[in-house]
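The structure appears below as structure tokens.
Letters A, B, ... are given to chains in the order of the sequence lines, protein chains preceding strands, and every chain is numbered from 1.
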Amino acid sequence: QQPVQSPQAVILREGEDAVINCSSSKALYSVHWYRQKHGEAPIFLMILLKGGEQKGHDKISASFNEKKQQSSLYLTASQLSYSGTYFCGTEIYGGSQGNLIFGKGTKLSVKP
Amino acid sequence: DARVTQTPRHKVTEMGQEVTMRCQPILGHNTVFWYRQTMMQGLELLAYFRNRAPLDDSGMPKDRFSAEMPDATLATLKIQPSEPRDSAVYFCASGFRDQPQHFGDGTRLSIL
């Protein structure tokens with residue numbers, strides 16, 4: 001039931017774009033995205049609740065394709081501060097309400 | 001800004017000892033989660049409560065772990081007896097369904 005994230009790791013130069021994918025084998029009610037820096041707690045980025053929903057936050061946006069049971073996180077014009085590990089957390093339809101299952105994470109490194 | 005507070009931040013103890021971790025959720029949040037994070041397994045849900053009632057503790061080894069929420073301002077996670085494989089970072093988070101989960105800074109536990 002754990003969602004699969006891809007890629008596992010990515011290295012970018014400042015200003016480059018990246019896409020992180022999160023796929024589930026189960027029908028999804030919602031997808032949450034978090035970023036975690038080394039030694040710190042995960043920080044919330046965004047929640048997507050509806051199929052086809054797309055959200056944006058500064059230069060970070062995400063989409064949720066309910067039919068494909070997947071979500072993608074888009075980082076444009078990356079900044080050094082974007083470095084960290086990105087996790088998707090998925091709530092499965094018919095599962096415990098509010099129970100998120102997290103993927104193993106995608107490690108993003110942004111170099112000057 | 002309101003924050004989730006976890007104590008202790010670090011704990012080193014010997015195998016067989018009892019370990020108690022505490023969490024003060026953000027006032028008003030009705031859902032409290034306990035997660036364990038390791039390099040191998042990633043972020044795993046151990047247990048969670050809604051309105052202080054346990055909803056799901058299927059991720060928790062029942063023979064040695066217990067989670068309680070004696071009142072709305074305190075959640076506890078106990079390990080007795082502790083084993084070296086319990087070494088991990090334990091996070092508490094609070095929130096509402098369909099809303100961001102706010103994570104505490106975590107308890108870094110080392111069992112020798």
Item checked: Minimum heavy-atom distance A:I47-B:P100, with the two atoms named -> CD1-N, 3.5 Å
Next item on the list: Might you point out which heavy atoms bring B:F91 and A:Q36 nearest each other, and give the distance in Å?
Entry: CZ-NE2, 3.6 Å
Note to self: When you group the ILVMFWY residues by side-chain heavy-atom contacts below 4.5 Å and let the links chain together, are B:L46 and A:I92 in the same group?
What the structure shows: no
Note to self: Please give me the minimum heavy-atom distance between A:A41 and B:G104, naming the atom from each residue.
What the structure shows: CB-O, 3.0 Å
Check: Same cluster or not: are B:L109 and B:V12 linked, directly or through other Ile, Leu, Val, Met, Phe, Trp or Tyr residues, by side-chain heavy atoms under 4.5 angstrom apart?
Finding: no
Notebook entry, point to check: Under a 4.5 Å heavy-atom cut-off, does chain A meet the side chain of B:F33, its backbone, both or neither?
Noted result: side chain
Check: Are A:L45 and A:V10 connected in a single hydrophobic cluster, I mean Ile/Leu/Val/Met/Phe/Trp/Tyr linked by side-chain heavy atoms less than 4.5 Å apart?
Finding: yes
Margin query: Heavy-atom pairs under 4.5 Å with chain A: which of B:H102, B:E44, B:Q99 has the most?
Written below: B:Q99
Item checked: Side-chain touch B:Y48/A:L100, heavy atoms, less than 4.5 angstrom -> no
Notebook entry, point to check: Who wins among B:L55, B:D56, B:V4, B:T31 for the most heavy-atom pairs under 4.5 Å with chain A?
Noted result: B:D56
Check: Where do B:Q37 and A:F87 come nearest, in terms of heavy atoms and distance?
Finding: NE2-CZ, 3.6 Å
Note to self: Other residues, nucleotides and ligands only: do more than 12 of their heavy atoms fall within 6.0 Å of CG on B:L74?
What the structure shows: yes
Item checked: Transitive ILVMFWY side-chain link B:M69 to B:F96, under 4.5 Å -> no
Check: Do you know which two heavy atoms are closest between A:E40 and B:R108, and how far apart they sit?
Finding: N-NH2, 4.0 Å
Margin query: So for atom CD, which belongs to A:E16, do other residues, nucleotides or ligands contribute more than 12 heavy atoms lying within a distance under 6.0 Å?
Written below: yes
Check: So which residues of residues 101-112 of chain A are in contact with chain B at a heavy-atom cut-off of under 4.5 Å?
Finding: A:F102, A:K104
Next item on the list: With a 4.5 angstrom heavy-atom cut-off, could you sort out which part of B:M40 is near chain A: side chain, backbone, both or neither?
Entry: backbone
Notebook entry, point to check: Would the number of heavy atoms belonging to other residues, nucleotides or ligands and lying under 6.0 Å from CZ of B:R97 be above 12?
Noted result: yes
Notebook entry, point to check: In terms of heavy-atom proximity below 4.5 Å to chain A, should B:L45 be classed as side chain, backbone, both, or neither?
Noted result: side chain
Check: More than 12 heavy atoms of other residues, nucleotides or ligands under 6.0 Å from CG of B:L27: is that the case?
Finding: no
Checklist line | Same apolar cluster (I L V M F W Y, side chains within < 4.5 Å links), B:V89/B:L43 | finding: yes
